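If you're wondering where the values come from, they're calculated on a predicted model, not measured in any experiment.
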Amino acid sequence: SFSSRYFHRGAGLQLLSFCEVWQPFRSKDWSETVLAQEMGWSPAYLRRVLQEELDTDFVTFCAVLRLAFVQKMAQNTYVNRHRISQMAGFDSLREEEISRKMLVFSKGFF
């Protein structure tokens, strides 16, 4: 129905805004469960918003946010590249590269 579609659209924007402002993806302990709790949602509702509204899943969503952070920081700072990757929530440059390759194969970007 229109009303449920509109509601989900608002939820997706709310989720993106929350992640942009608070950058919870930078935490090593960040997970689907933690994000759902932070949003005040059930994990099932979070998965629905990610899938139906943002056309993604949590792993891809996390990788996109972290890689976007790395890209932005690399352009705007002289911080060491490895440190930027850690600040984004990756354990290593290798983990970052694996996420980047995953996105290229699954979504065709980055």
Side-chain angles (χ1 to χ4, degrees):
S1 75
F2 174 78
S3 62
S4 70
R5 192 175 229 26
Y6 179 77
F7 178 73
H8 287 303
R9 180 154 292 143
L13 290 175
Q14 185 182 357
L15 179 60
L16 289 170
S17 294
F18 175 81
C19 290
E20 184 178 337
V21 172
W22 296 105
Q23 302 180 340
F25 55 87
R26 293 176 60 191
S27 169
K28 302 267 188 243
D29 300 328
W30 200 48
S31 68
E32 193 173 64
T33 305
V34 169
L35 179 57
Q37 288 172 344
E38 290 172 335
M39 295 300 299
W41 299 345
S42 69
Y45 183 76
L46 172 62
R47 280 190 294 277
R48 214 165 95 203
V49 170
L50 286 169
Q51 183 176 30
E52 293 177 11
E53 190 170 332
L54 302 178
D55 192 30
T56 193
D57 57 46
F58 180 77
V59 171
T60 303
F61 184 66
C62 182
V64 167
L65 292 172
R66 287 177 171 171
L67 290 169
F69 177 86
V70 165
Q71 188 172 0
K72 185 176 180 181
M73 286 294 291
Q75 291 171 349
N76 298 319
T77 186
Y78 294 105
V79 175
N80 174 287
R81 184 73 180 81
H82 180 71
R83 181 70 188 119
I84 291 171
S85 187
Q86 288 177 323
M87 289 168 61
F90 291 111
D91 287 326
S92 64
L93 288 172
R94 179 164 161 59
E95 183 186 24
E96 176 190 329
E97 189 57 33
I98 289 168
S99 290
R100 192 176 306 280
K101 287 177 181 175
M102 175 199 69
L103 287 177
V104 169
F105 292 121
S106 70
K107 296 287 185 185
F109 57 77
F110 271 95

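Between Glu20 atom CD and Leu13 atom CG the span is 11.0 Å, to the nearest 0.5 Å. Taken to the nearest 0.5 Å, the CZ atom of Phe18 stands 6.5 Å off from the CE atom of Met39. Note that CG of Leu15 is 4.0 Å distant from CZ of Phe61, once rounded to the nearest 0.5 Å.
By the 4.5 Å heavy-atom criterion applied to side chains, Val59 and Met102 are counted as neighbours. The closest side-chain heavy-atom distance from Thr60 to Leu50 is not below 4.5 Å. The closest side-chain heavy-atom distance from Leu67 to Leu103 is below 4.5 Å.
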Acceptor/donor pairs from residues 82-95 side chains to any protein atom, 3.5 angstrom cut, sequence neighbours excluded:
from, atom 1, to, atom 2, distance (Å)
His82, NE2, Gln86, NE2, 3.3
Ser85, OG, Glu96, OE1, 2.9
Ser92, OG, Arg94, N, 3.4
Ser92, OG, Glu95, N, 3.0
Glu95, OE1, Asp91, N, 2.4

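Across all their heavy atoms, Trp41 and Ala11 have their closest contact at CH2-O, 3.4 Å. Between Ala36 and Leu46, the shortest heavy-atom contact is N-CD2, 3.8 Å. Nearest heavy atoms, Cys19 versus Phe25: O-CE2, 3.5 Å. Of all the heavy atoms in Val34 and Asp29, the pair that sits closest is CG2-O, 3.8 Å.
The list of salt bridge (charged side-chain N to carboxylate O under 4.0 Å, His left out) pairs with a residue in residues 58-77, not counting sequence neighbours, is empty.
Residues Val64 and Ile98 do not share a hydrophobic cluster, defined by chaining ILVMFWY side chains whose heavy atoms lie under 4.5 Å apart.
Looking at residues two or more places apart in sequence or on another chain, you find a side chain to side chain contact (heavy atoms under 4.5 Å, CB included) between Lys101 and Glu97, Phe105. Considering only residues two or more places apart in sequence or on other chains, Gln23 meets the side chain to side chain donor-acceptor pair (under 3.5 Å) condition with Arg26. With sequence neighbours left out, the ring-ring contact (aromatic ring centres under 6.0 Å, His included) criterion links Phe58 to Trp30. For Glu32, the side chain to side chain donor-acceptor pair (under 3.5 Å) test picks out Arg47, with sequence neighbours left out.
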